[in-house]
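Numbers restart at 1 for each chain; the letters A, B, ... are given by sequence-line order, proteins then strands.
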2 protein chains.
Amino acid sequence: MSKSNSQSYVCGLDAAIDVVGGKWKVLLLWTLSEGEKRFGELKRCLDGVSEKMLIQHLRELERDGVVHREVHHVVPPKVQYSLTEFGVSLNDALRPLGAWGCEHKTRLEAIRNTPDDTSDAEDLAATPASRSA
Amino acid sequence: MSKSNSQSYVCGLDAAIDVVGGKWKVLLLWTLSEGEKRFGELKRCLDGVSEKMLIQHLRELERDGVVHREVHHVVPPKVQYSLTEFGVSLNDALRPLGAWGCEHKTRLEAIRNTPDDTSDAEDLAATPASRSA
DNA sequence: CCTCGCACTCACCCTACGGTAGGTACCTTA
DNA sequence: TAAGGTACCTACCGTAGGGTGAGTGCGAGG
């Protein structure tokens, strides 16, 4: 992502979103929170991710210090990925957000699956009808 | 964003990230958490956002039900944006993440400002010949 | 009269994010 | 001998996310 890279984050949220803002990043964290996993396992767990993206995101997460990469120099290559304490703390910080998303996910899915309502009938030129949150 | 749009979210985190995953979304939420603000105010608060993105993100957040848009039909147009209860709950859910980011933001900034280390000396493809383990 | 500010809209452009496909070095199994 | 698995790398390519700049309708200020 790197939305505001190479300059100061405003409130910390930027930083966090920056770390976690890839397409598969949160899935990776989520999956790794179950425990150590190797590359192929992750690939199978995420199901749909391309190897390129998996590696890329793993590298970024490693670089950010949230995942640990352990290479075993054995004949069929074996690499274990796991969360660092940093990553665990990140996962903890993400938990409320996950709960929020879980709680409202059906609603959000519904919104996103509507064929684009464009329900701005009451825009700058219509009756200010009663709306409710 | 819409990383996995029109299909089920895996763990709720996807959904949340989807809502909040724009470049300025979290900043918007953060800014709006201070209270009702009008368009120009937001523009000045975020400082650097283009009007297009501001509107776009505001629209998306409105569509997701996290911000409320109130149009006053006065001669110089006046539009007030505020958080809905939904948005407030989202902000609450984001707070730990913000705290996490705040706590580690210097570290993350440092990582992101390093001119790309590529410190993988012991990789799988480092020494092409001498690797018999 | 000209311009500015508000709150947008529209058109164009460019980057980077993400996907696809093919290749690598080594060993195991059929 | 061929196929397959492991953990990658590399090049190419399409799209969408984001940026720039102009225009709009209206009143206020210089």
Side-chain angles (χ1 to χ4, degrees), chain A residues 1-6 14 17-18 20-28 37-60 62 67 69-81 112 116 118 120 122-126, chain B residues 1-6 14 17-28 37-60 62 67 69-81 112 116 118 120 122-133:
Chain A
M1 283 283 125
S2 66
K3 27 206 58 163
S4 44
N5 58 346
S6 79
D14 312 40
I17 290 289
D18 212 8
V20 109
K23 187 175 179 181
W24 306 93
K25 295 273 188 75
V26 286
L27 274 311
L28 271 174
K37 287 215 153 55
R38 44 192 303 189
F39 185 81
E41 280 184 283
L42 287 172
K43 208 178 90 160
R44 277 186 295 273
C45 281
L46 267 64
D47 187 49
V49 68
S50 62
E51 296 187 349
K52 177 193 151 192
M53 291 322 298
L54 187 49
I55 290 180
Q56 185 178 308
H57 283 158
L58 281 169
R59 286 287 141 84
E60 288 173 17
E62 188 195 359
V67 309
R69 179 160 168 268
E70 199 175 348
V71 184
H72 304 262
H73 291 263
V74 291
V75 187
K78 177 171 179 179
V79 181
Q80 299 259 19
Y81 293 92
R112 267 151 173 67
D116 201 11
T118 320
D120 312 68
E122 56 281 295
D123 215 345
L124 272 170
Chain B
M1 283 282 128
S2 67
K3 27 206 60 165
S4 43
N5 60 344
S6 81
D14 311 40
I17 290 288
D18 213 8
V19 171
V20 110
K23 186 175 181 183
W24 307 92
K25 295 272 187 76
V26 287
L27 274 309
L28 271 173
K37 287 216 154 53
R38 46 191 304 189
F39 184 80
E41 282 184 281
L42 287 172
K43 207 178 89 160
R44 277 185 296 273
C45 282
L46 267 64
D47 186 50
V49 68
S50 61
E51 297 188 348
K52 176 192 153 195
M53 289 323 299
L54 186 50
I55 290 179
Q56 185 178 311
H57 283 160
L58 280 169
R59 287 285 143 83
E60 288 172 16
E62 188 194 0
V67 309
R69 179 159 169 270
E70 199 173 348
V71 184
H72 304 263
H73 292 263
V74 291
V75 186
K78 178 171 177 178
V79 183
Q80 300 259 18
Y81 292 93
R112 268 153 171 66
D116 202 9
T118 321
D120 312 68
E122 56 286 293
D123 216 343
L124 271 175
T127 50
S130 65
R131 198 163 23 81
S132 40

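In this structure, A/Q56 reaches neither bases nor backbone, as no heavy-atom distance under 4.0 Å exists between it and the strands shown.
Taking the nucleotide of DNA chain C with the nearest heavy atom to each of A/G48 and A/V75, the more 5' of the two is matched to A/G48.
Annotation for B/K78 and B/V74: closest pair CB-CG2, 3.8 Å, computed over non-hydrogen atoms.
Between A/L28 atom CG and C/dG18 atom P the separation is 12 Å, expressed in whole Å. Rounded to a whole Å, the CG atom of A/L42 is 10 Å from the P atom of D/dC8. Taking atom CG on B/L54 and atom C1' on C/dC8, their separation rounds to 10 Å, with Å as the unit. Between A/K78 atom NZ and D/dC8 atom P there is a gap of 13 Å when expressed in whole angstrom units. Between the NE2 atom of A/H73 and the P atom of D/dT6 there is a distance of 18 Å, given to the nearest Å. Look at CD on A/E51: it is 14 Å from C1' on C/dG18, rounded to the nearest Å. The CG-C1' distance, from B/L58 to C/dT9, rounds to 15 Å in whole Å. Summarising the geometry, the separation between CD on B/E60 and P on D/dA16 is reported as 13 Å, rounded to the nearest angstrom.
At the phosphate of C/dC6, neither OP1 nor OP2 sits under 4.0 Å from any side-chain N or O atom of B/K43. Of the side-chain N and O atoms in A/R69, one or more sit less than 4.0 angstrom from OP1 or OP2 of D/dC8. Residue B/H72 places none of its side-chain N or O atoms closer than 4.0 Å to OP1 or OP2 of C/dC6. Checking the phosphate oxygens (OP1, OP2) of C/dC17, no side-chain nitrogen or oxygen of A/H57 falls inside 4.0 Å. Taking only side-chain nitrogens and oxygens, B/R38 comes nearer than 4.0 Å to OP1 or OP2 of C/dA7.
Nearest to the side chain of B/P77, among C/dT20, D/dG25, C/dC8, sits D/dG25. The side chain of A/M53 lies closest to C/dG18 when the candidates are C/dC27, D/dA7, C/dG18. Of the listed nucleotides (D/dC9, C/dT9, C/dC6), D/dC9 has the atom at the smallest distance from the side chain of A/R59.
Annotation: side chain of B/F39 is in contact with side chain of B/L54 (closest heavy-atom distance under 4.5 Å). With contacts defined as side-chain heavy-atom distances shorter than 4.5 Å, the pair B/Y81/B/L28 does not qualify. Two residues are said to be in side-chain contact when any heavy atoms from C-beta on lie closer than 4.5 Å; A/D18 and B/R112 meet this criterion. Put simply, the side chain of B/V67 does not reach to within 4.5 Å of the side chain of B/R69, judged on heavy atoms.
Between the side chain of B/K52 and the base of D/dG19, at least one donor-acceptor pair of N or O atoms lies under 3.5 Å.
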